[in-house]
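Only one structure is covered here, and it is reproduced in the block below.
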Amino acid sequence: MQVIQSGNAIVLKGAEEFEPKNIFENGQCFRWTKEEDGSYTVVAMKRVINVKKDGDEVIIDNCSIDDFNDMWHRYFDFDRDYFSLRKELSLVDDHLLAATEFAQGLRILRQDVFEMVISFIISANNQIPRIKKAVDFLSELCGEPIGVYRGKMRYAFPSVEAVANISDENLAAIKIGFRAPYIVKSARMILDGEVDLKSLDKLEYEEACKELVKLVGVGPKVADCILLFGNGRDIAFPVDTWVIKFMNEYYLEESDKNMNRIKKRGIEIFGEKAGFAQQYLFYYARSR
DNA sequence: ACACAGGGTCAGC
DNA sequence: GCTGACCCTGTG
């Protein structure tokens, strides 16, 4: 892949397996907006960029080559060979074959752990458009302003301190209902060192799950999302309503609604890369 | 109008 | 382990 500077943008030539729609609209990330020209404006890591695909080129606006190499290359998981990954998964069965064909260009973003913790606490029993609104508004209310882009001030995702010390007024304003005390308590637990997000890397997968579930509003499903999207755990297999549906329909001998058993079975069937199988199948199932 | 559900979790058996 | 309640709001 070639990275070329072009004004305030960079152009990725020969970027394989990169489809903005399949990357951003699969529910892993909440901090993007689709522009009228079909491009995606994204806030992450105290930066704002705009991503657009044009034929076999990817154009990233408001981005330098240094920023790309230092941050966005990792964020977009460019070290991974998604073609081989899809090919490998497609061998499992016809469902994964169809899903990996359908969602070609999907990537699992390497996002900030704390942002994933708060975002996915908010996601519980909620709808994706509302989750997006809440996360955006939370950032606007107590995130650092990082500059104007396309006529709008953009705000970074708030720090642990900011969420832990959010005012009751602001908390009420984001309208996340029963989840409101969860995000504050969890942020405080992280601030106090009761749960250490920085040492997650040192733990085995199961231990990392146990650590995250200590947080309030974090159950097994949210813990898996945090680990898959914010901690690079390919094996994490988040079981939500959609996964329960397709697992029962295609992969289980008899109908089951127990999330723990379904998760165990999912990892048995899909193996080390269960998280990717989940993402392809989830996106495929939800799009129909 | 009003019931229903949405990338689940928690408390109470 | 299993069940029901849960804040909020768009949908039919």
Side-chain angles (χ1 to χ4, degrees), chain A residues 21-32 99 102-103 106-109 111 113 115-138 141 166 168-190 195 209-231 233 236-249 252 254-267 270 274-288:
Chain A
K21 180 181 165 63
N22 298 350
I23 293 171
F24 294 112
E25 301 198 29
N26 71 353
Q28 64 173 320
C29 174
F30 301 106
R31 302 229 52 205
W32 52 270
F102 174 80
L106 181 158
R107 287 171 170 273
I108 294 190
L109 300 171
Q111 302 179 76
V113 201
E115 180 170 342
M116 295 301 96
V117 170
I118 301 302
S119 300
F120 281 95
I121 288 175
I122 292 173
S123 81
N125 193 221
N126 211 340
Q127 309 179 192
I128 292 181
R130 283 199 57 213
I131 303 164
K132 266 171 60 58
K133 272 187 195 168
V135 174
D136 267 340
F137 199 35
L138 171 66
L141 285 174
I166 187 170
D168 291 342
E169 205 180 344
N170 281 348
L171 192 58
I174 57 178
K175 294 181 178 172
I176 49 174
F178 62 84
R179 308 165 194 84
Y182 297 169
I183 67 168
V184 178
K185 281 180 191 162
S186 288
R188 285 186 185 157
M189 289 172 77
I190 294 163
V195 170
C209 283
K210 279 184 193 163
E211 183 69 7
L212 286 172
V213 167
K214 287 182 191 169
L215 296 167
V216 190
V218 177
K221 188 272 175 182
V222 169
D224 271 330
C225 286
I226 297 166
L227 290 171
L228 183 58
F229 305 135
N231 194 241
R233 306 276 182 154
F237 190 78
V239 178
D240 60 36
T241 50
W242 290 95
V243 176
I244 292 173
K245 269 184 212 166
F246 74 64
M247 286 299 285
N248 275 299
E249 200 166 340
L252 303 177
E254 50 188 289
S255 144
D256 195 349
K257 287 200 294 185
N258 182 289
M259 294 172 64
N260 275 323
R261 281 196 297 264
I262 295 178
K263 169 175 164 172
K264 228 178 138 184
R265 194 74 190 100
I267 292 174
F270 305 119
F276 286 90
Q278 191 271 10
Q279 276 300 279
Y280 283 114
L281 290 166
F282 169 81
Y283 183 63
Y284 184 52
R286 208 168 68 86
S287 304
R288 297 161 5 128

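Only heavy atoms go into these numbers, but all of them, side chains included; no hydrogens, no water, no symmetry mates. Convention: sequence-line order gives letters A, B, ...; per-chain numbering from 1. Because the structure is a prediction, the values reported are computed rather than measured.
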Sugar-phosphate only, base, or nothing, as touched by [X] at under 4.0 Å among non-hydrogen atoms:
| X | answer |
| --- | --- |
| Asn260(A) | nothing |
| Val239(A) | nothing |
| Ile122(A) | nothing |
| Lys221(A) | base |
| Val216(A) | sugar-phosphate |
| Pro220(A) | sugar-phosphate |
| Gly27(A) | base |
| Arg286(A) | nothing |
| Tyr182(A) | sugar-phosphate |
| Asp224(A) | nothing |

Mind checking whether [X] and [Y] have side chains closer than 4.5 Å, heavy atoms only?
| X | Y | answer |
| --- | --- | --- |
| Arg31(A) | Glu115(A) | yes |
| Phe237(A) | Val239(A) | yes |
| Val243(A) | Asp240(A) | yes |

Taking only the [atom1] atom of each, what is the distance from [N] to [M] in whole angstrom?
| N | M | atom1 | value |
| --- | --- | --- | --- |
| dG7(B) | dT3(C) | P | 23 Å |
| dC7(C) | dG12(B) | P | 15 Å |
| dA5(B) | dA5(C) | C1' | 14 Å |

| If you walk 5' to 3' along DNA chain B, what is the first nucleotide with an atom under 4.0 Å of a heavy atom in chain A, and what is the last? |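 On DNA chain B, the outermost contacted nucleotides are dA5(B) to dC10(B).
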
[X] has an atom [atom1]; how far is it from atom [atom2] of [N], in whole Å?
| X | N | atom1 | atom2 | value |
| --- | --- | --- | --- | --- |
| Arg130(A) | dT11(C) | CZ | P | 12 Å |
| Lys263(A) | dG1(C) | NZ | P | 15 Å |
| Leu171(A) | dC8(C) | CG | C1' | 14 Å |
| Ile176(A) | dT9(C) | CD1 | C1' | 15 Å |
| Lys133(A) | dT9(C) | NZ | C1' | 9 Å |
| Ile128(A) | dG10(C) | CD1 | C1' | 15 Å |
| Phe178(A) | dC6(C) | CZ | P | 11 Å |
| Arg179(A) | dA5(C) | CZ | C1' | 13 Å |

| Got a donor-acceptor contact below 3.5 angstrom from the Ser186(A) side chain to the Leu215(A) backbone? |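 No; judged by distance alone, with no hydrogens or angles, the pair does not exist.
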
| query | Quick check: does any side chain N or O of Asn26(A) sit under 3.5 Å from a backbone N or O of Gln28(A), one acting as donor and the other as acceptor? | reply |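 Yes: the side chain of Asn26(A) pairs with the backbone of Gln28(A).
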
| task | Respond yes when some side-chain nitrogen or oxygen of Asn258(A) is under 4.0 Å from OP1 or OP2 of dC2(C), and no when none is. | result |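 For dC2(C), OP1 or OP2 has a side-chain N or O of Asn258(A) closer than 4.0 Å.
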
| Counting just side-chain N and O atoms, does Lys257(A) come under 4.0 Å of either OP1 or OP2 of dC2(C)? |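 Looking at the OP1 and OP2 atoms of dC2(C), neither is under 4.0 Å from any side-chain N or O of Lys257(A).
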
| task | Kindly say whether the aromatic ring centers of Tyr284(A) and Phe246(A) come within a distance under 6.0 Å. | result |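 Distance test on ring centres: not under 6.0 Å, no.
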
| Between Phe276(A) and Phe270(A), does a ring pair (Phe, Tyr, Trp, His ring centres under 6.0 Å) hold up when you go through it step by step? | CA-CA 9 Å; Phe276(A) 286 90; Phe270(A) 305 119; over 10 Å; no

| query | Of Arg261(A) and Asn125(A), whose nearest nucleotide on DNA chain C comes first from the 5' end? | reply |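 Result of the comparison: Arg261(A).
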
| query | DNA chain B: Val213(A) or Cys225(A), which has the more 5' nearest nucleotide? | reply |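 Final value for this comparison: Cys225(A).
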
| query | Which class fits the ring pair Trp242(A) and Phe282(A): parallel under 30°, tilted 30 to 60°, perpendicular over 60°? | reply |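 Ring orientation, 0 to 90° scale: perpendicular.
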
| Would Glu25(A) and Trp32(A) count as a side chain to side chain contact (heavy atoms under 4.5 Å, CB included) if you check the C-alpha gap in whole Å, the side-chain angles of each, and the deciding distance to 0.1 Å? | CA-CA 9 Å; Glu25(A) 301 198 29; Trp32(A) 52 270; 3.6 Å; yes

| Counting only Watson-Crick or G-U wobble pairs whose two distances fall under 3.5 Å, which nucleotide matches dG7(B)? |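 Pairing partner, where one exists within any strand: none, as none qualifies.
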
| task | Would you mind pulling out the nucleotide paired to dC2(C), Watson-Crick or G-U wobble, both distances under 3.5 Å? | result |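 Paired with dC2(C), as far as the under-3.5 Å criterion goes, is dG12(B).
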
